[in-house]
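Heads up: the structure comes next, in C-alpha cells.
Predicted model, so just to flag it, every value in this text is computed and none were measured. Below, read A as the first sequence line, B as the second, and so on, with proteins coming before strands; counting in each chain starts at 1.
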Amino acid sequence: MSECSCPAEDISSRLLAWYRDAGRALPWRNTRDPYCIWLSEIMLQQTTVEAVIPYYERFLANFSSVAALAAAPLDSVLDLWAGLGYYSRARNLHKAARMVVEDFCGEFPADLAELQRLPGIGRSTAGAIRSIAFDLPGPILDGNVRRVLCRLHAVTTDPRASATEKQLWQRAESLTSVSRPHDYAQAIMDLGATLCTPRQPRCPLCPLRAHCQAFAQSLQGDIPVRHKKPPVPKRAQVVLLLEDQRGARLVRKRPYDGMLGGLWEFPAAPVEAGETTTAVISRLLATLGVCSAPEPVGVVKHVYSHFALTCTVFRCRVSLLPQVAKEEDRQWVPPTELAALALHGAHQKVLKLVTEKTEKDKM
DNA sequence: AAGGCGGGGAC
DNA sequence: GTCCCAGCCTT
C-alpha cells in the first residue's frame with residue numbers, strides 16, 4: 001500500500017459536495033422504504049438505470065409492499081420481469097420476499113449478515129441496502145465502485161483476481177462514510193455511472209481528480225485492466241409460430257429450474273451440427289402433429305453471455321388444433337394477450353419479426 | 001462485435 | 001475458495 005496520499009475524509013467530502021449538485025434524480029431516491037431500495041438494487045444488478053426505471057415503476061404499481069410480493073404467485077413476478085434478464089433474480093426476489101415476511105415479520109433487517117441470508121443479496125447489495133435504506137455504514141463494491149477505486153489507486157492487476165478483490169474491499173470499507181452512508185453510497189455509484197465511466201471517463205469534471213492516481217499517470221483509459229474473453233460459441237434453433245384460425249399462437253413454458261426458467265417461448269428445436277434447418281423443422285412439425293406446409297419468415301439473432309443464438313423462424317397455419325396444447329405447460333394465446341406474456345428476449349424478437357412481416361404482407 | 005455487470009451453486 | 005453460469009444494454 002502507498003502512504004496516505006488519498007485522505008479518505010477529503011475524498012468523501014468532495015464526493016458528497018459533488019453529489020449534492022450533480023446527483024441524479026431517480027425514482028428510488030424519493031423513498032427510504034427498504035422494500036423499494038431492495039427492489040431497485042436487485043434490478044440494477046446486471047442492468048442499467050435507464051433499462052430499470054420502467055420495470056421498477058411497473059413492478060411497484062403491481063406489488064406495493066414486500067407483503068404483496070410475498071403473497072403473489074411466482075408467475076406474476078416473472079411476467080413483470082420478462083425482458084430484464086437474469087431471471088434467477090426474479091425467483092430469488094420472490095423467495096426473499098417470503099423470507100422477509102416469515103422470518104423477519106415483514107421488516108427488512110439492517111444487519112449485513114442478516115441481509116445476506118436473503119437470496120439474491122450478496123456482500124455488495126447488502127452494503128447498498130444498509131447504506132441507502134437505513135443510513136448505516138455498509139461497504140459497497142459493485143461495478144461502478146470497483147472501477148472508481150481501481151482508478152483512484154491505480155490498480156493495474158485484474159480486478160476480479162481474489163487478491164485484488166480483497167484489497168478493493170478493504171479500500172471500499174475504509175472509504176465508506178460513517179457520517180453520511182446514505183449519500184455517500186449513492187454518490188460513489190453515481191460517480192462511476194456518470195463520470196468515471198468504462199470508456200472515455202470525464203476526468204475534467206471529476207471531484208476526485210486531485211486524488212486519482214490513474215489520472216496523475218494518464219492511465220485512466222487502461223484501468224481497470226480488461227481481460228479478453230474467448231469468443232462465444234454459436235448455436236442455432238428453428239422456431240415455429242403455429243397459428244390457429246383466429247390468429248392465436250402456441251406457446252410453451254420453460255421448466256423453472258433451467259436457463260430462462262419459467263419464461264414462455266414458441267415451439268423450437270435446436271439445429272445440431274451437420275443438420276439442415278429443413279430436417280429440423282420437419283421433425284418439429286412431426287412432434288407437434290402438424291402436417292401443414294411451413295412458411296419461412298426470417299432470421300433473428302440473440303447473444304447470451306455464453307453463446308450466440310440464431311433463430312430461423314417459420315410460420316404455419318393450422319385448422320385442427322394439435323393435441324399437445326392440452327398439456328399444462330402449453331397454451332394457445334390470442335394476439336392481444338401475447339404482448340403481455342412473459343416471453344424471453346430472443347422470442348420477443350421473433351414475435352416482433354413475425355408481427356412486422358404480417359403487417360407488411362397486408363400492404 | 002465486444003465489454004460490462006452481482007450473486008448462486010457446483011465442485 | 002474457485003470456477004462456471006447467466007441476458008441484457010452500451011459502445
* Heavy atoms of chain A, cut-off under 4.0 Å: which first and last nucleotide of DNA chain B, 5' to 3', fall inside that, if you could look? => B/dG3 to B/dG8
* Structure fact -> Residues passing the salt bridge (Lys or Arg N to Asp or Glu O under 4.0 Å) test with A/Arg24, sequence neighbours excluded, are A/Asp190
* Give A/Leu141 one of three labels, base, sugar-phosphate or nothing, depending on what nucleic acid heavy atoms sit under 4.0 Å from its own. => nothing
* To do: Have a look at A/Arg147 and say if it touches a base, only the backbone sugar-phosphate, or nothing, with a 4.0 Å heavy-atom cut-off.
  => sugar-phosphate
Kindly list each side-chain donor-acceptor pair under 3.5 angstrom involving residues 344-351 of chain A, sequence neighbours excluded, with atom names and distances?
| from | atom 1 | to | atom 2 | distance (Å) |
| --- | --- | --- | --- | --- |
| A/His344 | NE2 | A/Glu265 | OE1 | 2.8 |
| A/His347 | ND1 | A/Phe266 | N | 3.0 |
| A/His347 | NE2 | A/Gln237 | OE1 | 2.9 |
| A/Gln348 | NE2 | A/Leu343 | O | 2.8 |
| A/Lys349 | NZ | A/Lys301 | O | 2.9 |
| A/Lys349 | NZ | A/His302 | ND1 | 3.0 |

Let me have the donor-acceptor pairs involving side chains of residues 270-279 of chain A, under 3.5 Å, with sequence neighbours excluded, atom names and distances please.
| from | atom 1 | to | atom 2 | distance (Å) |
| --- | --- | --- | --- | --- |
| A/Glu275 | OE1 | A/Glu272 | N | 2.7 |
| A/Glu275 | OE2 | A/Arg283 | NH1 | 2.5 |
| A/Thr276 | OG1 | A/Ala279 | N | 3.1 |

* To do: Sticking with atom P, work out how far B/dA10 lies from C/dG7, rounded to a whole angstrom.
  => 16 Å
* Asked: Are A/Arg254 and A/Trp264 in a cation-pi contact, defined as NZ or CZ under 6.0 Å from the six-membered ring centre and within 45° of the axis?
  -> no
Strictly under 3.5 Å: I want the nitrogen or oxygen pairs between protein and nucleotides 2-4 of chain C, one per line.
| from | atom 1 | to | atom 2 | distance (Å) |
| --- | --- | --- | --- | --- |
| C/dT2 | OP2 | A/Ser162 | OG | 3.4 |

* For A/Arg29 and A/Gln186, does a side-chain donor sit closer than 3.5 Å to a side-chain acceptor? -> yes
* Asked: Is it true that the side chains of A/Thr47 and A/Arg89 contain a donor and an acceptor less than 3.5 Å apart?
  -> yes
* Please round to the nearest 0.5 Å and tell me the distance separating atom OG of A/Ser76 and atom CG of A/Asn62. => 8.0 Å
* Asked: From A/Lys95 NZ over to A/Leu74 CG, what is the distance, rounded to the nearest 0.5 angstrom?
  -> 11.5 Å
* Asked: Do A/Phe108 and A/Phe104 have their ring centres less than 6.0 Å from each other?
  -> no
Check nucleotides 7-11 of chain C against the protein and report each pair of N or O atoms closer than 3.5 Å, with its distance, or say if there are none.
| from | atom 1 | to | atom 2 | distance (Å) |
| --- | --- | --- | --- | --- |
| C/dG7 | OP1 | A/Tyr87 | N | 3.0 |
| C/dG7 | OP2 | A/Leu260 | N | 3.4 |
| C/dG7 | O5' | A/Tyr86 | N | 3.0 |
| C/dG7 | O4' | A/Tyr86 | N | 3.3 |
| C/dG7 | N7 | A/Ser305 | N | 2.6 |
| C/dG7 | N7 | A/Ser305 | OG | 3.0 |
| C/dG7 | O6 | A/Tyr86 | OH | 3.3 |
| C/dG7 | N1 | A/Tyr86 | OH | 3.2 |
| C/dG7 | N2 | A/Gln46 | O | 3.2 |
| C/dC8 | OP1 | A/Tyr87 | OH | 2.9 |
| C/dC8 | OP1 | A/Gly345 | N | 3.1 |
| C/dC8 | OP2 | A/His302 | NE2 | 2.4 |

